Amino acid sequence: MVKLSFLGAARSVTGSQFLVDTGTTKVLVDCGLVQGCHHCEGINTRPFAFNPKEIDAVVVTHAHIDHAGLLPKLVAEGFRGPIYATPATRDFAALLLEDSIQVMLGDVGGREDALPYKENDVAPTVAQFETAEYEKEIRVASDVSFTLHDAGHVLGSAIVELVAAGIRIGFSGDLGNPPTPLLRNTETLKAADYLVVESTYGDRVHEDRETRKELLHDIIDDTIHKRGVLMMPIFAFERAQEILFELNDLREHQKIPQVPVFIDSPMAIKATEIYKRYPQYYNREATYLIASGDDLFKFPGLSFTPTVEESKRINEVAPPKVILAGGGMMQGGRISHHALHYLPDPNSSLLIVGYQAAGSLGRRLLARPPKVRIFEKDVVVRARIKAIGGYSAHADQNGLLEWVLAPQGVKRVFVVHGEEAASLALRQRIRDETGLDAVVPYLGSSVTLQ
Ligand code: ZN
């Protein structure tokens, strides 16, 4: 008998945290930060639902902060066991945890006591990582083992196939949206007793890959034609590298003229360096391109602007130009400065390629309001606002359903990691089309699996 508790990302998107307890062994799958939550101050500082000293091991699906962002709090409160993840996830986690604490410190005016953990809790956390390669079974205790499979969501991301007291549970982590320019396809499980599946896009269907590339091509053409500025808010990793890859491809096939392209995000620049470190995780196409001598992250006109001074100088470059800037949901980050400048310009465009949480500036802009507030200023919105869902790093409803359908022997599916409506929509489709038992667990609830 195994107890599975849904301690985060239940009827919400962020804060992934699932506890598997066999009675003798306790393993936590993900330990994420709750993000983008306006009415829940203190939610990340509240005590864990368990004693961190009693946890035997943590398995981390991938480095995104909503999956790994509370690991330093766990370590600060006495967890001394291994944190298992792929080597790429460990490197990205080091980068993202470092950044996350700085962002949080900025938000609370430097008051460390208002935060879930302290700046110097990050290094010991990173030191507690133990790397696990895909498809290699790792024994955590006499009654628990796990195997990671490529989730195709971000470089190094994993699906966790956990066997606890003989019960096989598949945790999707975040599932990718193949085919992608760089990553391998999402793996499926052969068999599982229970599945815990994400549902970020549980109620949506994305454009296909060719359509998204055409849309990108069109919007770049249009912006260049009007001599405007194309702004793209990017998450530090994955989307940034994918868009770079696509731009590289469009340039090399002479489909777009040479215009200045800026990667205006210190994080994205560092993440690109980590990408270069793990070519063994790339898909066949990207591996072939590298073997043929192509540098995937370099083309004429492309500049990286790590410093604030370099970032400010982007304004002095005459349009047309393309700016990929940090602040994926436009909650702060350098993209906000560019938005302040160019949202009022009817010749410019804002292209959104990633998930925008409810309440974020990116989400509000998608509704094309006449004006928005940025840095306490009213900003008139005249620029074109476009979104391409196909670049999402998350599987859509069809992809999620396909993943759920693959394994044999599934007794029940737990739908997590989605806004409630998205989770409920996926649950309904699973029930209607597969006849499988699917539920959307409540936050803090537990089930007994047998
Ligand atoms: Zn993710």
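None of the values given here were measured: they were computed from a predicted structure. Each ligand, and each atom within it, is numbered from 1 in the order the structure gives. Just so it is clear, the values below take in all heavy atoms, side chains as well, and ignore hydrogens, waters and symmetry mates.
- The aromatic rings of Tyr281 and Tyr278 lie parallel to each other, their planes meeting at an angle below 30°, with 60° marking the opposite boundary.
- We find that Lys213 and Asp249 are joined by a salt bridge, their nearest charged nitrogen and carboxylate oxygen being less than 4.0 Å apart.
- Among the atoms of Asp174, an N, O or S atom is found under 2.8 Å from the Zn ion (ligand 1).
- The aromatic rings of Tyr275 and Phe297 sit perpendicular, their planes meeting at an angle over 60°, well past the 30° parallel limit.
- The Zn ion (ligand 1) lies under 2.8 Å from an N, O or S atom belonging to His62.
- Among all heavy-atom pairs drawn from Ala88 and Gly156, the shortest one is CB-CA, 3.9 Å.
- Within His64, the N, O or S atom at minimum distance from the Zn ion (ligand 1) carries the name ND1.
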